[in-house]
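Encoded as structure tokens, the structure appears first; notes follow it.
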Amino acid sequence: MLKINYLASGGIITNYKCSSKCKHCVYASSPSWPNDYMTSSIADEVFSILKELACDNVHIGGGEPLLQPERIYPVLESARRHNIGIDYLETNASWYKDESSAKSVLRELMKRGVNSLLISIDPYHNEYIPFYKVKGLIEACSKVNMGVFPWLMDFWNDLDTFDDSKPHSLEEYADLFGEDYLRKLPKRYGLNIRGRALKTYKSILEMEPFDRIIKNSSPCSLLSGIHHFHVDLYGNFIPQSCAGLSIKLSELWQGADPKKYPIFYRLDSVGIRGLVELAVEEYGYSPKAEYAGECDLCHDIRSYLVLDQEVDLPDLQPTDHYRFL
Ligand code: SF4
């Protein structure tokens, strides 16, 4: 059985759609996703299970949750009904128009238990979002006493060097701060190099022979991690740092059948070797000579199953993750 008895800290992905298509996004969010939000009934189910698993607080993220603020209110109201606290809500500030309309959204959020916003401040988001919106939102937060969790202040001066009325590409950053800027960016940001981030940085990662990856295979402990998990709008448990993999939370806490979730089960119990064997034997996957590490191999197989073989497996949901990478 795949089973989790306790969850410590995690987040709710209320929607995958986003105003931006940032190059570092592990969840592959973008404007292309369907405009779906978590419903009140899914939220009720998810929060009641989280409560059973002793998880009393969550953060809210996306996608961009505030693309349509009124559509996350039912989720926040459900959290309150189940006595689940909101640590913070993540936003990229793209929705900011002016102080007065921002303050009215902030007041609605505060009424529903959100007392802190994590606001993205980094060159990846600045490719899409002018910095004046971030500054304006921070100012509006201070006017209504909404807490701000700036992520990351270390980039403030870099962004502030440019004209804040428009977005700026990563190439502009490299032109101004030097070629090394982009190479050092993942470490400065503390980037998890999976999902779209892996696609972005693959060309500069060290390649590893396939045979060596298989030889070093061991169970992926991240999959059953109790910290920094997510539950998405469809009720999928998304393991810590590994988007594109999922188990219905409603099954996971009771004990999910490994036969129904063969990808998840193989990775969790054997590791990448188990997934390769399954993909080769049952789906005709042909391994390449080398990969940028085991996560690159893992993602390559999963993309092959979803996009080339069009296999509809419950542990590779939502499949748009692969389409909109
Ligand atoms: S091998 Fe796959 S499941 Fe394991 S950590 Fe990497 S991406 Fe996640």
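As the structure is a prediction and not an experimental result, all values here were calculated from the model. Atoms within each ligand, like the ligands themselves, are counted from 1 in listed order. Just so it is clear, the values below take in all heavy atoms, side chains as well, and ignore hydrogens, waters and symmetry mates.
Residues satisfying the salt bridge (Lys or Arg N to Asp or Glu O under 4.0 Å) criterion with Lys260, sequence neighbours excluded, are Glu251. Considering only residues two or more places apart in sequence or on other chains, Arg80 meets the salt bridge (Lys or Arg N to Asp or Glu O under 4.0 Å) condition with none of them.
Under 2.8 Å from atom 6 (Fe) of ligand 1, one finds the following protein N/O/S atoms: Cys295 SG.
Screening residues 25-52 for salt bridge (charged side-chain N to carboxylate O under 4.0 Å, His left out) gives Asp44-Arg81, Lys51-Asp56 as the qualifying pairs, with residues at least two apart or on separate chains.
The aromatic rings of Phe47 and His82 sit tilted, their planes meeting at an angle between 30° and 60°. Using a 30° and 60° split on the angle between ring planes, Phe177 and Tyr181 fall in the parallel class, below 30°.
Look at Leu275 and you'll find every heavy atom at least 4.0 Å from all atoms of ligand 1.
Counting only distance, with no hydrogens or angles, the side chain of Lys133 and the backbone of Asp164 share no donor-acceptor pair below 3.5 Å.
For ligand 1, the atoms closer than 4.0 angstrom to any heavy atom of Leu245 are 3 (S). Heavy-atom proximity to Arg302, at under 4.0 Å, picks out these atoms of ligand 1: 7 (S).
Between Lys143 and Glu139, at least one side-chain nitrogen of the basic residue sits less than 4.0 Å from a carboxylate oxygen of the acidic one, meeting the salt-bridge criterion.
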